[in-house]
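Taking it in order: structure first as structure tokens, then the write-up.
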Protein chains: 2
Amino acid sequence: MPLDPLSSTFAALADPTRRAILARLALGETSVMELAKPFDMSLPAISKHLKVLEHAGLISRGREAQWRPCRIAPASFKQVDGWLGNFRRFWDESFNRLDGLLEEMKAEEAAKASPRSQRKVRVTKEKQRGRTRG
Amino acid sequence: MPLDPLSSTFAALADPTRRAILARLALGETSVMELAKPFDMSLPAISKHLKVLEHAGLISRGREAQWRPCRIAPASFKQVDGWLGNFRRFWDESFNRLDGLLEEMKAEEAAKASPRSQRKVRVTKEKQRGRTRG
DNA sequence: AGGTTATTTAACCGATGAGCTAAGTACATG
DNA sequence: CATGTACTTAGCTCATCGGTTAAATAACCT
């Protein structure tokens with residue numbers, strides 16, 4: 001039973017070896033041998049990790065003679081970022097300011113549209129903002 | 001043997017039930033019973049999931065009489081976002097533009113400082129995100 | 001063809017993870 | 001104190017995961 005894409009992506013990211021591999025690939029495409037070097041681990045183990053990363057959509061692999069160069073694949077990263085976005089307001093102060101601004105603008109717009117505006121209290125969370133980030 | 005924080009956080013996020021719980025908590029603090037309702041699963045199973053989420057730093061729990069209200073805890077989300085930031089340039093176009101701009105500026109700065117300067121690393125470490133929501 | 005290099009597959013092992021049921025704990029109230 | 005409500009812990013099962021070694025595949029190079 002295959003997991004949903006987001007689950008397999010998160011599962012792939014849950015291993016420090018695999019994250020280290022991704023960090024290396026962020027510097028540029030490279031071979032399996034090269035990727036394996038920093039690790040005190042057999043080659044098949046690395047091969048398995050790469051399979052997991054590929055299946056999670058975090059890397060893609062080409063073919064050049066006997067090498068299988070690996071590189072970062074953006075899609076799954078983007079998907080993770082998108083999911084994380086649902087929670088950004090919980091920690092990102094500048095996001096909160098933007099969110100507040102958008103809400104204000106929306107409220108004004110609504111007020112203009114219908115003078116007898118009944119405000120729906122869909123205000124998400126606490127209103128404490130006034131902090132400034134450094 | 002405890003995993004590093006990022007690993008346990010990603011591992012916690014790799015389960016769809018747990019992500020659904022987090023999505024529910026994004027709407028506001030609530031009890032275990034309330035959280036369990038949508039799932040066709042025993043209460044102990046939910047309890048375990050919550051333990052995993054708490055240990056991963058994704059939620060925190062209070063005590064009110066016999067209830068243990070759960071709420072989102074920002075820190076681990078932020079850490080995941082931070083890690084993801086190392087790869088943002090691979091998919092975020094506006095980030096790329098900003099990145100390019102910063103590099104240009106840096107290059108100019110360097111050129112001014114020492115005419116024969118060698119440039120080496122990219123500037124991915126900055127907390128810049130050219131995100132536009134909508 | 002035969003050998004070297006790069007990488008994967010197969011078969012196995014111990015540990016962890018997600019689910020269950022049954023029993024235990026903590027608090028509230030009749 | 002007894003009962004009910006809200007949860008957690010204990011103990012089990014079964015599947016998956018991360019690692020191993022040994023063997024297989026694939027492409028290049030005499």
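By convention in this document, chain letters (A, B, ...) are assigned in the order of the sequence lines, proteins followed by strands, and residues within each chain are numbered from 1. The model shown is predicted, which means the values in this text are computed figures rather than measured ones.
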Report task. Please work out which residues in residues 52-60 of chain B have a non-hydrogen atom less than 4.0 Å from an atom of DNA chain D and list them by number. Result -> none

Query raised in the report: Atom CD in A:Q79, atom OG1 in A:T9: separation rounded to 0.5 Å?
Result: 6.0 Å

**Report entry** B:F90 side, atom CZ; A:S76 side, atom OG - distance, nearest 0.5 Å
**Finding:** 14.0 Å

Report task. Give me the residues of residues 28-47 of chain A where at least one heavy atom lies under 4.0 Å from an atom of DNA chain D, by number, or none. Result -> A:M41, A:S42, A:P44, A:A45

Query raised in the report: Rounded to whole angstroms, how far apart are NZ on B:K51 and C1' on C:dT25?
Result: 14 Å

For residues 49-56 of chain B, please give each side-chain donor-acceptor pair under 3.5 Å, one per line with the distance, not counting sequence neighbours.
residue : atom : partner : partner atom : Å
B:H49   : ND1  : B:R18   : NH1          : 3.2
B:E54   : OE1  : B:R61   : NE           : 3.2
B:E54   : OE1  : B:R61   : NH2          : 2.9

Requested in this report: Using a heavy-atom cut-off of under 4.0 Å over every strand shown, decide if A:R63 touches base, sugar-phosphate, or nothing.
Outcome: nothing

Requested in this report: Can you pull out how bent the helix from C:dA1-D:dT30 to C:dG30-D:dC1 is, comparing the axes over its first five and last five pairs, to 10°?
Outcome: 10°

**Report entry** Where at least one partner belongs to residues 5-44 of chain B, residue pairs that pass ring pair (Phe, Tyr, Trp, His ring centres under 6.0 Å), sequence neighbours excluded
**Finding:** B:F10-B:W83

Query - From A:K78 atom NZ to B:D92 atom CG, the distance as rounded to the nearest 0.5 Å - result: 7.5 Å

Query raised in the report: Given side chains that start at C-beta, do those of A:L22 and A:L13 come closer than 4.5 Å, heavy atoms only?
Result: yes

Query raised in the report: Does C:dG19 have OP1 or OP2 sitting under 4.0 Å from an N or O in the side chain of B:H49?
Result: yes

**Report entry** Qualifying residues under side-chain contact (heavy atoms from CB on, under 4.5 Å), relative to A:A11, sequence neighbours excluded
**Finding:** B:A14

Requested in this report: State whether the number of non-hydrogen atoms from other residues, nucleotides or ligands found under 6.0 Å of B:M105 atom CE is greater than 12.
Outcome: no

Report summary line: side-chain contact (heavy atoms from CB on, under 4.5 Å) filter on B:A23, not counting sequence neighbours, yields none

For nucleotides 28-30 of chain D, tabulate all protein N/O to nucleotide N/O atom pairs closer than 3.5 Å, reporting atom names and distance.
none

Report summary line: Residues of residues 7-17 of chain A with a heavy atom under 4.0 Å from any atom of DNA chain C, listed by number, are none

**Report entry** Atom pair distance, as rounded to whole Å: CG in B:D4 and P in D:dG18
**Finding:** 13 Å

Report summary line: Sequence neighbours excluded, the answer for side chain to side chain donor-acceptor pair (under 3.5 Å) partners of B:D4 is A:R19, B:S7

Query raised in the report: Hey, what do you get for CD1 (B:I72) to CD1 (B:I59), rounding to the nearest 0.5 Å?
Result: 8.0 Å

With a cut-off of 3.5 Å and sequence neighbours excluded, list every side-chain donor-acceptor pair involving residues 24-36 of chain A.
residue : atom : partner : partner atom : Å
A:R24   : NH1  : A:G28   : O            : 3.3
A:E29   : OE1  : A:R71   : NE           : 3.0
A:S31   : OG   : A:E34   : N            : 3.2
A:E34   : OE1  : A:K37   : NZ           : 3.4

Requested in this report: Scan for ring pair (Phe, Tyr, Trp, His ring centres under 6.0 Å) pairs involving residues 59-79 of chain B, sequence neighbours excluded, and state none if there are none.
Outcome: A:F87-B:F77

Report task. Please report, rounded to the nearest Å, how far the C1' atom of D:dA6 is from the CZ atom of B:R61. Result -> 12 Å

Query - B:K48 (side chain) and C:dG19 (base): donor-acceptor pair under 3.5 Å - result: yes

**Report entry** Euclidean distance, B:R88 CZ relative to A:D81 CG, rounded to 0.5 Å
**Finding:** 4.5 Å

Query raised in the report: Just how far is it from atom CZ of B:F95 to atom CZ of B:R89, taken to the nearest 0.5 Å?
Result: 8.0 Å

